[in-house]
Peer 1: 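Structure below; questions to follow.
Letters A, B, ... mirror the listed sequences (proteins, then strands); counts begin at 1. Treat the numbers as computed from the prediction; the structure is a model and nothing was measured.
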Protein chains: 2
Amino acid sequence: MTSAAVAMICGGGNLPLQAAEAARRAGHEIFLIGLKGAALPAIQDFPHAWVRLGEIGKLFRLIEGSGAREVTIVGAVQRPAVSDLGLDIGGLVAMPEIKRLMSGGDDQLLRGVVAFIEQKGYTVRGVHEVAPGLTAPEGLFGACDATAEDAAGVAAGSGVLAAVGPYDVGQAVVAIGRRIVAIEAAEGTDMMLRRVARLIEKKRIRREGRGGVLVKAPKPGQDLRIDLPAIGPRTIELAAAAGLTGVAVTAGKVLVADWNDTVAAADKAGLFLAGVPAAA
Amino acid sequence: MTSAAVAMICGGGNLPLQAAEAARRAGHEIFLIGLKGAALPAIQDFPHAWVRLGEIGKLFRLIEGSGAREVTIVGAVQRPAVSDLGLDIGGLVAMPEIKRLMSGGDDQLLRGVVAFIEQKGYTVRGVHEVAPGLTAPEGLFGACDATAEDAAGVAAGSGVLAAVGPYDVGQAVVAIGRRIVAIEAAEGTDMMLRRVARLIEKKRIRREGRGGVLVKAPKPGQDLRIDLPAIGPRTIELAAAAGLTGVAVTAGKVLVADWNDTVAAADKAGLFLAGVPAAA
């Protein structure tokens, strides 16, 4: 673990604040750059400054002034219209690049932003790298234990995720016993969990009592600097509503958002929480 | 292709009638055994007899009397209560076996029925074996052509299905371009297609105009004698509603129910229909 200075470009939600605290705990000197209209006012509790999305010139002056050579992008940002960017001179100079980036998908946009920052000589790091305390550790990290059946489900689920990885799909699956009952593709984890609950309710999935696990992992080719898989209190709620008995995620590579709330929700609902090694 | 005599145990729907015709075209001598309360009266257009589900003694006398050494089970049967079986002496003798079979899942029940028939010295054949004209042939079999993009989607989809096969999951996927947007597990193909339509409507999947393919294949370990994947007019409707441009299925191993209607629906909606070789 380095303890380099890190400039954190902050979007919305609590995550930037949690990341800032965790990065500081990990020994990093941090400087937060809040995106106006997205970042929470509470970033002012840390060394910080504000920019509009289009103030590219100002953004790089702020990064430069912070002394950091490493940059992390954290928190949600609504995809803006070009006219809302509030472009400064630096932004206008980068305009052709910006337009090209904004014509693609979200992933392409973020990949472009990363490349753009790296062109300027900075290293873009994933939030899991600078704030390791926010990702799941290896082993059980809630109060509940997993059964042998749970473990078999986790193994089956991890296997499926590894198998589909080369096709750039499948961040999550639900296994009941060894049976895979749902595989996530474009719908996202929440919708998949709701589907499982519905299928059980309609008896399209037969199950005696509670049982089953959610297994979540990054895709092999996923750029964790821009797209870190995450679980949070809502994931636990939905998993509990589907009658599952636990959630297993790849240790070190899946974010546990609102850590205390997530763990408390799992403990309360009787779900185990586990960090498992990445499948081979 | 043999042209052995075949006894066809017939459940509900048109499929038994279509299978009987196709088996006859393929040179088989056929004898239909209609399950009362399930099979359509139109089976009387073929050499036939009727039994109640529990008339096991009568069933085997009918098979024996038909001269057939091969048996096929075709058409839908609602899972009955033991009290509704109408057990005859043969059924009562087999009662412990029947109770054991009925305590498991549908698959287990059907596997047990197959084993039970084979114990009596008959060979159970899949409907795709005795009525080969009902499954998709290799190549395009509707009026519409597939584009290179469609072909790339079919390749990606087939790859994913082959990859998850060892986990006994995934009879179908939807690919848009090369991107896998949905993988079927317990929900079934219809629900998966509805999900894709909804995700596109909500812009959770970005797509320019129409595009995308449904790819459907048996699981590697699937017993095609009791569980043959199928497409039909409804599959085409749902694929069209999701804006897809075609459907590809494993040649010889996926049933095309109501053949003429299915092909007509695809032609009308502008979807290609293709039979593709099983993935390696």
Peer 1: With only heavy atoms counted, which part of A:Val181 is less than 4.5 Å from chain B, the side chain, the backbone, both or neither?
Peer 2: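 Interface part for A:Val181: both.
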Peer 1: Specify the closest pair of heavy atoms between A:Gly153 and A:Val213, including all atoms of both residues, with the distance to one decimal.
Peer 2: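 Looks like C-CG2, 3.7 Å.
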Peer 1: Closest approach of A:Leu161 and A:Ala172, non-hydrogen atoms and distance?
Peer 2: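 So the two residues come closest at CD2-N, 3.6 Å.
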Peer 1: Where do A:Pro277 and A:Glu138 come nearest, in terms of heavy atoms and distance?
Peer 2: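 What the structure gives for the nearest pair is CG-OE2, 3.6 Å.
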Peer 1: Counting only non-hydrogen atoms closer than 4.5 Å, does A:Arg178 touch chain B with its backbone (N, CA, C, O), its side chain (CB onward), both, or neither?
Peer 2: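 A:Arg178 has no heavy atom closer than 4.5 Å to chain B.
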Peer 1: Identify which of A:Gly159, A:Ala156, A:Ala175, A:Gly188 forms the greatest number of heavy-atom pairs closer than 4.5 Å to chain B.
Peer 2: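 Heavy-atom pair counts peak at A:Gly159.
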Peer 1: Taking atom CD of A:Glu149 as the centre, report whether more than 12 heavy atoms of other residues, nucleotides or ligands fall under 6.0 Å from it.
Peer 2: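 Count not over threshold, so no.
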Peer 1: Tell me, for A:Ile180 versus chain B, whether the close heavy atoms (under 4.5 Å) come from the side chain, the backbone, both or neither.
Peer 2: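 It is both, since atoms from each part get that close.
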Peer 1: Among A:Glu184, A:Arg195, A:Arg179, A:Met191, who wins on heavy-atom pairs under 4.5 Å with chain B?
Peer 2: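 Highest number of heavy-atom pairs under 4.5 Å: A:Arg195.
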Peer 1: With heavy-atom distances below 4.5 Å as the criterion, would you say the side chains of B:Val256 and B:Leu273 are in contact?
Peer 2: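 No, side chains not in contact.
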Peer 1: Tell me, for B:Leu199 versus chain A, whether the close heavy atoms (under 4.5 Å) come from the side chain, the backbone, both or neither.
Peer 2: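 Contact with chain A involves the side chain of B:Leu199 alone.
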